*Asks:* 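Got a structure for you, written out below as structure tokens; questions coming shortly.
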Amino acid sequence: MSPFGIVLVPAIITLAVTILRLVGELNGWSPALFDPEAGGGGAIVGIAWLVPIFGIYFAWKLYHSGNLSASYRTLGFGALGLAAFVVIAFGGSMLFGLDPNQVSLASLVVTILAALVGLGIAYAGSPVLGKTLVVYGLAARIPVILVMLLAILGNWGTHYDVVPPGFPEMGAFSKWFLIGVVPQLTIWMGYTVVLGAIFGGVALLIAERRRAAVRTA
């Protein structure tokens, strides 16, 4: 089963959610649903919440198509990737004396490193699922990068272009590269692969248990 084929429908759904969120923020709809603040992580409408769902979906489809076997390896490496991210992110912040409430180039570098290490570990646990999650991550995040460019150039006042407190003044393209391109292709890709592997790993174990129950019935 091709990663592109399995990712197509989830990618379309994710794009629709991205567009819906942008429209909601531009029109000042409920902040609980469409948080326009920097980061916007608390909004109910957002593509980050889709990762666990599609992690389960991808694992389930790959398993039942015979492309992926069930084992604790997928879940275990996903959890190990998450642990590595936490240790590196917090350990690096403490080592370099970084303020978690202050945005800086150093804190961004540490977070990126943590995300990439976590991604690599989770991917190694199940390359078939990992490849699918990478393709999905790119399909989900590239449109966001493009939306962020337009939002920054247009100064739309959405979470796609608003920067955190303490962010240094810079030109539009430099700002887009630092808060758009780099985080979307590193931190959020790590988030997608690690979290997708964890939930996908759980789905694999459930699927295998159900299959075993049917065999013994």
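Worth saying up front: this structure is predicted, and the values here are computed from it rather than measured. We count residues from 1, following the sequence as given.
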*Asks:* Mind checking whether T186 and L119 have side chains closer than 4.5 Å, heavy atoms only?
*Replies:* no

*Asks:* Would you compute the distance between atom CD1 of I53 and atom CH2 of W49 and round it to the nearest 0.5 angstrom?
*Replies:* 10.5 Å

*Asks:* Find the distance between CD1 (I179) and OG (S174) and round it off to the nearest 0.5 Å.
*Replies:* 11.5 Å

*Asks:* Working to the nearest 0.5 Å, report the span between CZ of R73 and CG of L80.
*Replies:* 10.5 Å

*Asks:* Do L149 and F173 come close enough that some side-chain heavy atom pair is under 4.5 Å?
*Replies:* yes

*Asks:* I would like to know whether V23 and W29 meet side-chain contact (heavy atoms from CB on, under 4.5 Å); could you show each step before the answer?
*Replies:* CA-CA 9 Å; V23 171; W29 295 348; 3.7 Å; yes

*Asks:* Establish whether V181 and L150 are linked, either directly or via other cluster members, by ILVMFWY side-chain heavy-atom contacts under 4.5 Å.
*Replies:* yes

*Asks:* Measuring only between side-chain heavy atoms, which start at C-beta, is L129 closer than 4.5 Å to F58?
*Replies:* yes

*Asks:* Hey, which of L116, T192, T111 is the one that makes side chain to side chain contact (heavy atoms under 4.5 Å, CB included) with I187?
*Replies:* T111

*Asks:* side-chain contact (heavy atoms from CB on, under 4.5 Å), that's the test. Do F34 and L20 meet it? Break it down for me.
*Replies:* CA-CA 9 Å; F34 307 92; L20 174 62; 4.0 Å; yes

*Asks:* Indicate if V202 and F77 have the same hydrophobic cluster label, given that clusters are the connected sets of ILVMFWY residues with side-chain heavy-atom separations under 4.5 angstrom.
*Replies:* no

*Asks:* Contact between Q184 and M189 at the side-chain level, heavy atoms closer than 4.5 Å - yes or no?
*Replies:* no

*Asks:* What distance separates L75 CG from L205 CG, expressed to the nearest 0.5 Å?
*Replies:* 6.0 Å

*Asks:* Can you tell me if E25 and Y160 form a side-chain donor-acceptor pair at under 3.5 Å?
*Replies:* no

*Asks:* As a quick check of understanding, evaluate side-chain contact (heavy atoms from CB on, under 4.5 Å) for V163 and E169, giving each step before the final call.
*Replies:* CA-CA 10 Å; V163 296; E169 291 290 333; over 6 Å; no

*Asks:* Decide whether V109 and I88 are clustered together by the hydrophobic rule: side chain heavy atoms of Ile, Leu, Val, Met, Phe, Trp, Tyr closer than 4.5 Å, transitively.
*Replies:* no

*Asks:* Measure the shortest side-chain to side-chain distance between I47 and R141 over non-hydrogen atoms and say whether it is less than 4.5 angstrom.
*Replies:* yes

*Asks:* Does any part of the side chain of L138, heavy atoms only, come nearer than 4.5 Å to the side chain of L185, both counted from C-beta?
*Replies:* yes

*Asks:* Kindly work out whether a path of hydrophobic side-chain contacts (I/L/V/M/F/W/Y, heavy atoms less than 4.5 Å apart) joins Y57 to V128.
*Replies:* yes

*Asks:* Can you confirm whether the side chains of E37 and H159 place a donor and an acceptor under 3.5 Å from each other?
*Replies:* no

*Asks:* With a 4.5 Å heavy-atom cut-off, do S126 and L68 have their side chains touching?
*Replies:* yes

*Asks:* How far apart are the C-alpha atoms of T14 and Y136, what are their side-chain angles, what is the distance that settles it, and do they pass the side-chain hydrogen bond (donor to acceptor under 3.5 Å, both in side chains) test?
*Replies:* CA-CA 9 Å; T14 303; Y136 168 70; 2.7 Å; yes

*Asks:* Indicate, with yes or no, if the rings of W60 and Y63 have centres closer together than 6.0 Å.
*Replies:* no

*Asks:* Kindly indicate whether the side chain of F199, heavy atoms from C-beta on, has any atom under 4.5 Å from the side chain of L195.
*Replies:* yes

*Asks:* Do you reckon W176 sits in the same ILVMFWY cluster as V147, going by side-chain contacts under 4.5 Å, direct or chained?
*Replies:* yes

*Asks:* For D161 and T158, indicate whether the former's side chain and the latter's backbone hold a donor-acceptor pair under 3.5 Å.
*Replies:* yes

*Asks:* Applying side chain to side chain contact (heavy atoms under 4.5 Å, CB included), name anything that partners F90, two or more places apart in sequence or on another chain.
*Replies:* V86

*Asks:* How far does CD1 of I13 sit from OG1 of T18, to the nearest 0.5 angstrom?
*Replies:* 12.0 Å

*Asks:* Got a second to check how far I56's CD1 is from K61's NZ, nearest 0.5 Å?
*Replies:* 15.0 Å

